[in-house]
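Remarks on the structure that follows.
Source: prediction; values computed, not measured.
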Amino acid sequence: MARPSTPHVLAIGEALIDIVIAHDQPECPYEIPGGSPANVAVTLGRLGRPVALATWIGLDELGRLIEFHLTDSGVRLTEDSRGASHTSTALARLDETGAASYTFDLEWAPTAPIDVPDSARILVAGSISASIEPGADAVLDALARGRDHALVCFDPNARPSIMGDPTDALASVERFIALSDVVKVSDEDLAWLTGDCDIDEVARRWLDLGPSIVIVTRGKHGCVAFTSGGLRVAKSAGDVDVVDTVGAGDSFMGGVIDALWGMGLRGATAREELKDIGEDRLRVILDRASAVSDVTVSRKGANPPWAHELP
């Protein structure tokens, strides 16, 4: 596939197969393509945004399933993404509330340096690919090079079973935060990383590292956004029947980027404008991201909405 030459979003990170085991039907597991950065890319592709994914999959049946899923959702796979010895999987066990816990079989060793074309206007990364070597340093390097011409978005999307000691994980996460313009994190991830420190306190500390916006999602309690300009904007959760939460945070991040793209907040030249964002535009971002995520949690697996499914 040709190297993208038109302005686009570049997602960097793992694509894998979620093997989902429901609480009430453990004898009937089902397979759904997933992986946090891949889910963000799929969300954007379905919303009609130009998006490419730099990942690491195998030339096997599961890899072909992921490729079909990406292509069908409007996502371009970069040329260097197919070098893995096998395609990674995540065993997702759902509890009675629909929340998922994961067990992983992973390979993350993308060819370095990861190609970041000048036409990439927004970069997004996070989760496992920013946590495990040998690929994490390659992702960090890609963001450092790419921020010369792109806005950078990051979601730690913590996986305690992989990331080890939370103090060490926090130090690693904050390397990425320092390169980022927009950070999205769940309250559960924040609690694990910081030992239940106050949300406002951590958000302000992270803003001091460099981002313009930090957004904390809080499940049934909605979300809250903080800006380097001193804004604090909260949004209540929608009234949604939750089937499961697989991919919910990823689709929220996709909704954030979709809103940024729609506002013309893309490319390094938009960095100063992002720092001065006002409350009205920030609420538009939260509304869009929440609407996208609400659809995802209303159905099985990481299955974000298409543009025609949203107002």
Side-chain angles (χ1 to χ4, degrees), residues 9 18 20 22-24 32 34 36-49 51 73 92 94-101 124 126-127 153-158 182-191 199-200 202-203 213-227 231-263 265 277-311:
V9 179
D18 286 323
V20 184
H23 170 73
D24 56 346
I32 299 178
S36 181
N39 291 339
V40 175
V42 165
T43 302
L44 287 163
R46 291 185 177 187
L47 295 178
R49 302 306 184 186
V51 58
S73 296
L94 306 180
D95 65 18
E96 61 275 9
T97 70
S101 59
V124 57
S127 195
C153 300
F154 178 70
D155 178 4
N157 201 3
V182 178
V183 174
K184 174 262 162 190
V185 63
S186 73
D187 55 352
E188 291 182 350
D189 290 348
L190 209 58
I199 285 176
D200 290 51
V202 177
I213 301 173
V214 172
I215 302 172
V216 182
T217 56
R218 303 184 295 178
K220 65 181 180 180
H221 301 295
C223 58
V224 58
F226 305 83
T227 74
L231 289 177
R232 185 189 192 278
V233 176
K235 176 177 173 55
S236 300
D239 184 14
V240 182
D241 292 329
V242 176
V243 173
D244 69 49
T245 63
V246 177
D250 305 326
S251 61
F252 186 99
M253 176 61 101
V256 168
I257 297 170
D258 175 68
L260 292 173
W261 194 274
M263 292 176 179
L265 291 170
I277 194 167
E279 182 174 342
D280 289 348
R281 298 178 93 188
L282 188 57
R283 287 195 182 277
V284 169
I285 293 171
L286 297 183
D287 287 347
R288 182 63 167 177
S290 297
V292 173
S293 181
D294 283 351
V295 175
T296 303
V297 301
S298 72
R299 51 201 192 190
K300 281 186 177 182
N303 185 10
W306 298 82
H308 69 266
E309 296 180 273
L310 297 171

Which heavy-atom pair separates [X] from [Y] by the least distance, and what is that distance?
| X | Y | value |
| --- | --- | --- |
| Ser73 | Trp306 | CA-CH2, 3.9 Å |
| Leu260 | Cys153 | CD1-SG, 4.2 Å |
| Lys300 | Ile32 | O-CD1, 4.3 Å |
| Glu309 | Arg299 | OE2-NH1, 2.8 Å |
| Ala225 | Ile215 | CB-CG1, 3.9 Å |
| Val242 | Thr97 | CG1-O, 4.2 Å |

*Only one of Asp294, Asn303, Thr296, Asp258 forms a side chain to side chain donor-acceptor pair (under 3.5 Å) with Ser251, so which one is it?*
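Filter result, single survivor: Thr296.
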*When you look at Asn157 and Asp250, which way does the side chain to side chain contact (heavy atoms under 4.5 Å, CB included) test go after all the steps?*
CA-CA 9 Å; Asn157 201 3; Asp250 305 326; 3.5 Å; yes
Spacing of [atom1] belonging to [X] relative to [atom2] belonging to [Y], to within rounding of 0.5 Å:
| X | Y | atom1 | atom2 | result |
| --- | --- | --- | --- | --- |
| Ile257 | Lys184 | CD1 | NZ | 11.0 Å |
| Asp155 | Asn39 | CG | CG | 11.0 Å |
| Ser293 | Leu286 | OG | CG | 12.0 Å |
| Thr217 | Met253 | OG1 | CE | 10.0 Å |
| Thr227 | Ile277 | OG1 | CD1 | 8.5 Å |
| Arg281 | Leu231 | CZ | CG | 12.5 Å |

*Minimum side-chain heavy-atom gap Val292-Pro305 below 4.5 Å*: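 Val292 vs Pro305: side chains touch.
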*For residues Val124 and Val9, determine if any side-chain heavy atom of one lies less than 4.5 Å from a side-chain heavy atom of the other.*
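Sidechains of Val9 and Val124: in contact.
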*Between Ile285 and Met263, does a side chain to side chain contact (heavy atoms under 4.5 Å, CB included) hold up when you go through it step by step?*
CA-CA 9 Å; Ile285 293 171; Met263 292 176 179; 3.8 Å; yes
*Any chance CG of Asp24 has more than 12 other-residue heavy atoms, nucleotides or ligands included, within less than 6.0 Å?*
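Check passes, neighbour count above 12.
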*Going by the side chain to side chain contact (heavy atoms under 4.5 Å, CB included) test, name the single residue among Val202, Asp189, Val185, Asp200 that passes it with Val216.*
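Of the listed options, the one satisfying the test is Val185.
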